Amino acid sequence: MIDRYKWYEIVLMYAGMAVFLFFVLAPFIEGFLVSLKPLAQLFSTPYSFIPKNGSFDAYFSMWVSVPALGMHIFNSFFISSVVTLIVVCIVVPAAYAFARFQFGGSGLLLGAFLAVNMFSGAVLLIPLFRLMRQLGLLNSYWAMIVPGAAFLIPSSIWLLRTYMMRIPKELDEAAWVDGASRLYTLRRVILPLAMPGIVVVAIMTFIGAYAQQFIFALTFNSKTEFMPLPVGLFAFFGKQEVQWNELMAASFVGILPVMIVIVFLQRYLVAGLTAGAVKQ
Amino acid sequence: MTGNRSASLFAFALLAPALIYITIIVAYPLFDTIVLSFTNAALRPTYDFVGWANYQRIFGAGNFTEVIVRTFIWTFFSVATKMVIGVLGATLLNAAIPGQTVFRILTMPPWIVPMAIGIFMWGWMYNGQFGMISGLLQNFGLIDGPWPILAQGSSAFWATIVTDVWIGVPMVTIYMLAAMQSIPKDLYEAAWTDGAGRFYRFRRITLPLMIPALLTMSLLSMIATFNSFDIIWILTQGGPSGTTTTMIIDTYKTAMGSRKYGEGAARAVVICIFVSLFCIAYFRAVRKLSQGEAK
């Protein structure tokens, strides 16, 4: 512990944090308050921040106004879960290969994966649209799952590779000396040790998959039954008379599960993020 | 030697799924974009090669150059603001004061929440008649009547930047915090023993040692911002009268709105060229930094 903060420095820092947090949280606070207001109050002047006769009515009426809402929420979860499963299955062996083996072109390949990160799906939309059409995947869950997973694989490989490199190499070698095959070593020695890293990758993939469900879903799918929440709500948002309180209520229901996951797992997340970030 | 070869084979077998997947879903489409940009592909099933016609058309119209300039201005202001707020935020989150953990958790929502949903909330805040920003300004008597933020060109442009900053700030902050925490503590202690004040230590130790992270993050952030689609599409769809149309939005409108695949692909290729330039800069920066580390 070096020098202590002076009282005015502490006051300044808390003030700074208050401003910072206000910027970060204002849309959520406003969104939540709007979800509590009756519609008539939303469209009256002067503007009031605090709801009068606030109620949770919108949280009930939205299921009637947007009949597909439950389906949209389910779709979002389903798509994110399948994307996570695919990404983890592909990334674990790839990260191990990059963490342990030096082979011709391994550095180049690693760089190529990093470069994939730089091209957003939006740029490749036209050929992806053609590809999805050729494969007959338009208007199905796969239209969102398949491209969604592709853009999450590279960063996950980098993250997990960093994690695996910290597992001592001697453990692999000891297993080989004992006569274990390479695949057996990966399964029985590395996999259990890399579990915390894999969990971080899975969480981040899930969040990423949930977050990116817009452009692919907007372009490759027009069927309500497969629409994830963001696009489902966007259709609602685009209508002339928006039931803003219900839209905000639906948004909160849609983000609540993700927030719960974060609050419980934030320690792993920060650790995982920093490991991936610093060593890159 | 045989052991080495079998190790390489094993490594490639482990990599195969990732390689095949990325080749089909990213590399092939990238190649297809380039091919399509030289054709007159549209809704009809057949198309012909037309040489550089698409490129001549998009650069001839004049409109496209305007879009490129606008995209760069948009990206510059967004990234610069993100970096400043991110570094300030990280400094605050790094300070040894009570409540730190809570502040760290509360910083993250914009990054974690599905992007589109955060943008809907901004959409309401920007509502001219009844939204929070216009409403509060009216209540305080700062403006006379409703302020339709997203319906006026200049305010819509800045509004989309603010939302982009809001979404990007958590990531930058956390990354900067990580970089700050990786600076050895004894450097600060030594400087403190020598009587260096807090601001001096920040300027002479923290900032110089954070330059690599700052550089990396601003490049990554630049690429992400340059490619940003959701924010503008949800808030303004490129309007009013094109004032928020960036290259990505322009490409999307041409390709998916007007179904001019060839012309859209030519626009996408131009974007890819810019992104590749950013990439090269990024790789050079990373290489330089890792060489510096080795010394």
Side-chain angles (χ1 to χ4, degrees), chain A residues 2-3 10 13 16-17 20-21 24-25 27-28 30-31 34 42-43 46-47 90 93-94 96-97 101 103 111 115-116 118-120 122-128 131 146-147 150 153 157 182 207 210-211 213-215 219 230 233-234 237 244 247 251 254-255 258 262-263 266 273-274 277-278, chain B residues 7-8 10-11 14-15 17-18 21-22 25-26 29-30 32-33 36 89 92 95 97 103 105-110 112-118 120-122 124-125 130 132 135-136 138-139 174-175 178 182 188-189 192 223 227 229-230 234 248 255-256 261 264-265 268 271-272 275 279 283:
Chain A
I2 35 178
D3 57 340
I10 294 181
M13 276 193 278
M17 278 187 190
F20 188 76
L21 287 186
V24 167
L25 298 179
F28 295 115
E30 167 71 357
V34 163
L42 277 182
F43 296 115
Y47 170 85
I90 288 183
Y96 182 67
F101 299 98
F103 48 89
V116 170
M118 318 281 170
F119 294 95
S120 78
V123 181
L124 303 179
L125 217 55
I126 305 163
L128 275 174
L131 188 68
V146 171
I153 288 172
I157 290 183
R182 288 205 167 91
I207 296 170
Y210 207 117
Q213 283 169 357
F214 189 70
I215 192 165
T219 319
L233 289 182
F234 184 59
F237 182 78
W244 281 96
L247 176 66
S251 300
I255 61 184
V258 187
I262 298 311
V263 170
Q266 74 94 18
L273 262 177
T274 50
V278 177
Chain B
S8 284
F10 180 65
L14 292 177
L15 275 175
Y21 202 100
I22 296 296
I25 308 297
V26 182
L30 197 62
D32 199 24
T33 304
L36 276 175
L92 289 173
I97 49 174
F103 286 129
I105 298 176
L106 289 179
T107 308
M108 288 199 264
I112 285 140
V113 162
M115 229 199 219
I117 287 176
F120 294 148
M121 293 176 181
W122 278 99
W124 169 254
M125 299 230 300
F130 309 103
M132 181 177 148
L136 281 181
Q138 282 181 74
N139 286 4
I174 302 253
Y175 191 91
S182 70
Y188 291 103
E189 274 161 26
W192 178 63
I223 291 162
N227 285 324
F229 174 82
D230 298 17
I234 293 174
I248 288 279
M256 294 304 157
Y261 298 137
I271 296 176
C272 287
V275 173
C279 266
F283 282 124

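Per chain, numbering begins at 1; letters A, B, ... match sequence-line order. Just the heavy atoms: all of them, side chains too, but no hydrogens, waters or symmetry mates, feed the values below. Note that the coordinates shown come from a computational prediction; the quantities given were computed from them, not determined experimentally.
Ranked by heavy-atom pairs under 4.5 Å with chain A, the first of B:A116, B:P29, B:G135 is B:P29. Options A:I215, A:I157, A:I10 differ in how many heavy-atom pairs under 4.5 Å they form with chain B, and the most are formed by A:I215. Of the listed residues (A:L124, A:V116, A:L25), the greatest number of heavy-atom pairs within a distance under 4.5 Å of chain B belongs to A:L124. The candidate with the highest count of non-hydrogen atom pairs below 4.5 Å against chain A, out of B:L136, B:V275, B:T33, B:N139, is B:N139. The candidate from A:A115, A:A211, A:P127 with the greatest count of non-hydrogen atom pairs under 4.5 Å with chain B is A:P127.
Looking at A:V34, only its side chain comes within 4.5 Å of chain B, counting heavy atoms on both sides. With a 4.5 Å cut-off on non-hydrogen atoms, B:V26 touches chain A through its backbone and its side chain both. With a 4.5 Å cut-off on non-hydrogen atoms, B:L30 touches chain A through its backbone and its side chain both. Heavy-atom distances place both the backbone and the side chain of B:Y261 under 4.5 Å from chain A. Only the side chain of B:M256 comes within contact range of chain A, with at least one heavy atom under 4.5 Å from a heavy atom of that chain. Both the backbone and the side chain of A:L125 come within less than 4.5 Å of a heavy atom in chain B. Interface remark: B:I248 contributes side-chain atoms only to the contact with chain A (heavy atom separation under 4.5 Å). Within the 4.5 angstrom heavy-atom criterion, only side-chain atoms of B:I223, from C-beta onward, approach chain A. Looking at A:I126, both its backbone and its side chain come within 4.5 Å of chain B, counting heavy atoms on both sides. At a 4.5 Å heavy-atom cutoff, the contact between B:M115 and chain A is made by backbone and side-chain atoms alike. With a 4.5 Å cut-off on non-hydrogen atoms, B:L36 touches chain A through its side chain but not through its backbone.
B:F103 has its ring centre no less than 6.0 Å from the ring centre of A:F20.
Annotation for B:L15 and A:A97: closest pair CG-CB, 3.9 Å, computed over non-hydrogen atoms. Between B:M121 and A:S251, the shortest heavy-atom distance links the atoms CE-CB, 3.9 Å. Considering all non-hydrogen atoms of both residues, B:L106 and A:V24 come closest at O-CG1, 3.5 Å. Minimum interatomic distance between B:A95 and A:M13 (heavy atoms only, all atoms of both residues): CB-SD, 3.3 Å.
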For B:I25 and A:V146, what are the C-alpha separation, side-chain angles and deciding distance, and is it a side-chain contact (heavy atoms from CB on, under 4.5 Å)? CA-CA 8 Å; B:I25 308 297; A:V146 171; 3.5 Å; yes
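With a 4.5 Å cut-off on side-chain heavy atoms, B:C272 and A:F119 count as touching. Side chains of B:P109 and A:F28 form a contact here, defined as non-hydrogen atoms less than 4.5 Å apart.
In this structure, A:Y96 and B:F10 have perpendicular ring planes: the angle between them is above 60°, well past the 30° mark. Ring geometry for A:F234 versus A:F214: interplanar angle over 60°, hence perpendicular rather than tilted (30 to 60°).
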